[in-house]
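A quick write-up on the structure given underneath.
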Amino acid sequence: MTKNQPAEGPQDVVYQVRLPLSKRTIDLVAGLIRRRRNQLGTRWRKLTPGAQAVVVLAVLRHDQRLSDTAGGNHVSASTVRRWVKETIELLAVRAPRLDRALKKIARSGGVVVLLDGTLVRTRRRTGTDNRKNFSGKHKAHGLLFLALTDEKGNLIWISAAKPGRSSEITAARHNKITSHLREAGLGALADLGFVGLDDDPDDPVVITGRKATRNHRLTDAEKEANRLLNRERAAVEHGFANLKSWRFLTKIRMNARHATTLLRALLVLANTEIHR
């Protein structure tokens with residue numbers, strides 16, 4: 001290197017990535033952003049609604065670093081953070097309520113839904129805040145969510161977040177799922193975590209398998225019934241898989257209220273992207 005030759009420093013390189021989403025999803029988000037801008041009376045923004053929608057979806061789908069996404073689009077990281085927060089709130093309000101979701105299934109001729117819970121892992125907190133989010137079942141920190149899907153595994157409803165130490169049956173009772181099912185005239189298939197949820201054994205709306213105890217071993221008929229039930233409710237895992245394909249959920253960095261808003265926004269996106 002000569003005396004007058006400048007030293008080589010770090011350079012910004014802009015790269016392209018593939019965003020595996022349908023045009024229908026991008027149009028949905030772009031339309032929400034466009035209407036929001038019209039409500040606010042915004043005359044000028046750095047990017048068009050469509051371009052802003054692609055940036056936000058890239059963050060949600062790939063958990064792309066805000067600073068990296070911002071630099072490639074000539075905006076600040078705080079701007080991208082504001083766009084993401086705004087879009088999540090716009091999508092979350094479109095998530096269906098429990099009673100409306102069940103009535104829609106009933107009107108379409110459905111007779112049964114699938115009920116299950118999942119733990120969305122979170123960062124470990126310090127002090128007493130750490131304890132309530134620890135799930136003894138999963139041996140990990142997280143937030144518990146309940147979800148309902150139709151028979152094909154399409155998500156139709158997701159609950160508010162509960163601390164990881166909460167049980168699925170307690171969360172189901174808090175959301176009064178059995179009473180909503182009876183009101184809509186539907187039944188639900190659930191796993192052994194919901195045994196005892198239905199308080200009407202003569203006319204149950206929540207069907208679970210049989211659980212073996214120390215004093216009662218399952219008969220061959222009961223084992224076969226459990227296998228048939230598990231086969232019918234296996235589709236619920238497809239719904240959770242579609243939800244968790246949005247990598248922004250890899251490690252939630254928010255509290256329970258914000259996490260609920262995020263999950264409901266992703267529910268809308270998942271249903272827009274995939275409907276069986």
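Everything quoted here is computed from the prediction, not taken from an experiment.
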**OP:** Would you sort out whether Phe194 and Ile207 count as a side-chain contact (heavy atoms from CB on, under 4.5 Å), showing the intermediate values?
**Re:** CA-CA 9 Å; Phe194 296 91; Ile207 306 299; over 6 Å; no
**OP:** Would you mind reporting whether Leu143 and Asn133 have side-chain heavy atoms less than 4.5 Å apart?
**Re:** yes
Original post:
So how far is it from Lys103 NZ to Leu98 CG, rounded to the nearest 0.5 Å?
Top reply: 10.5 Å
Original post:
Does a donor on one side chain sit under 3.5 Å from an acceptor on the other, for Arg61 and Ser245?
Top reply: yes
Original post:
Can you tell me how far the CG atom of Leu266 sits from the CG atom of Asn242, to the nearest 0.5 Å?
Top reply: 11.5 Å
Original post:
Would a 4.5 Å heavy-atom cut-off, applied to side chains only, mark His62 and Pro20 as touching?
Top reply: yes
**OP:** Would you name the heavy atoms of Ala188 and Leu181 that are closest together and state the gap between them?
**Re:** CB-CD1, 3.6 Å
Original post:
Is Asp99 salt-bridged to Arg97, going by a charged N under 4.0 Å from an acidic O?
Top reply: yes
**OP:** Group every Ile, Leu, Val, Met, Phe, Trp and Tyr by side-chain heavy-atom contacts under 4.5 Å, then state whether Phe240 and Val120 land in the same group.
**Re:** no
Original post:
When you measure from the side chain of Arg210 to the backbone N and O of Asn226, does any donor-acceptor pair fall under 3.5 Å?
Top reply: no
Original post:
Quick one: CG on Leu114 to CG on Asp191, what's the gap to the nearest 0.5 Å?
Top reply: 11.0 Å
Original post:
What heavy-atom pair brings Leu91 and Ala265 nearest, and what distance separates the two atoms?
Top reply: CB-CB, 3.7 Å
Subject >> Interatomic spacing from CG in Leu32 to CD in Glu89 - rounded to 0.5 Å >> reply: 12.5 Å
Original post:
Any side-chain heavy atom of Leu60 within less than 4.5 Å of one from Ile88?
Top reply: yes
Subject >> Among Arg217, Arg227, His216, the one residue meeting side-chain hydrogen bond (donor to acceptor under 3.5 Å, both in side chains) with Glu222 >> reply: His216
**OP:** Could you check if a side-chain atom of Leu57 sits within less than 4.5 angstrom of a side-chain atom of Thr87, using non-hydrogen atoms only?
**Re:** no
Original post:
Could you go step by step and tell me if Thr208 and Leu197 meet the side-chain contact (heavy atoms from CB on, under 4.5 Å) rule?
Top reply: CA-CA 9 Å; Thr208 62; Leu197 173 62; over 6 Å; no
Subject >> Cluster overlap Phe145 with Val93, hydrophobic side-chain contacts below 4.5 Å >> reply: no
**OP:** Indicate yes or no: does Arg182 engage Asp198 in a salt bridge with an N to O separation below 4.0 Å.
**Re:** yes
Original post:
Should Thr170 and His174 be marked as a side-chain contact (heavy atoms from CB on, under 4.5 Å) after you check the CA-CA gap, both sets of side-chain angles, and the distance that decides it?
Top reply: CA-CA 6 Å; Thr170 301; His174 177 80; 5.7 Å; no
Original post:
Run the side chain to side chain donor-acceptor pair (under 3.5 Å) check on Thr118 and Lys244 step by step: do they pass?
Top reply: CA-CA 10 Å; Thr118 188; Lys244 293 183 178 181; 2.7 Å; yes
Original post:
Can you name the closest pair of heavy atoms from Ala190 and Val206 and give their distance?
Top reply: CB-CG1, 4.1 Å
Original post:
For Ile169 and Gly193, which heavy atoms make the closest approach, and how far apart are they?
Top reply: CB-O, 3.7 Å
Original post:
Leu192, Leu146: one ILVMFWY side-chain cluster at the under-4.5 Å cut-off?
Top reply: no
Original post:
Quick one: CG on Leu269 to CG on Leu21, what's the gap to the nearest 0.5 Å?
Top reply: 8.0 Å
**OP:** Identify the two heavy atoms, one from Ala30 and one from Pro49, that lie closest to each other, and give their separation to 0.1 Å.
**Re:** O-CB, 3.8 Å
Subject >> Main-chain N/O of Ile177 paired to Asn175 side chain as donor or acceptor, under 3.5 Å >> reply: no
Original post:
Mind checking whether Leu28 and Arg94 have side chains closer than 4.5 Å, heavy atoms only?
Top reply: yes
Original post:
Among Ile158, Asp116, Ile156, Leu155, which residue meets the side-chain contact (heavy atoms from CB on, under 4.5 Å) test with Thr149?
Top reply: Leu155
**OP:** Over all heavy atoms of both residues, which pair between Glu151 and Ala235 is shortest? Give the atoms and the distance, please.
**Re:** O-CB, 3.6 Å
**OP:** Examine Leu267 and Val84 and state if one hydrophobic cluster contains both, with Ile, Leu, Val, Met, Phe, Trp and Tyr joined whenever side-chain heavy atoms are less than 4.5 Å apart.
**Re:** yes
**OP:** Check step by step if side-chain contact (heavy atoms from CB on, under 4.5 Å) holds for Trp157 and Ile105.
**Re:** CA-CA 11 Å; Trp157 172 80; Ile105 293 293; over 6 Å; no
Original post:
Is the number of heavy atoms from other residues, nucleotides or ligands under 6.0 Å of Arg100 CZ greater than 12?
Top reply: no
**OP:** State plainly whether one hydrophobic cluster holds both Leu115 and Leu228, where clusters connect Ile, Leu, Val, Met, Phe, Trp and Tyr through side-chain heavy atoms under 4.5 angstrom apart.
**Re:** no
Original post:
Can you tell me if CG on Asn38 sees more than 12 non-hydrogen neighbours from other groups inside 6.0 Å?
Top reply: yes
**OP:** Look up atom OG1 in Thr122 and atom CZ in Phe134, then write down how far apart they are to the nearest 0.5 Å.
**Re:** 11.0 Å
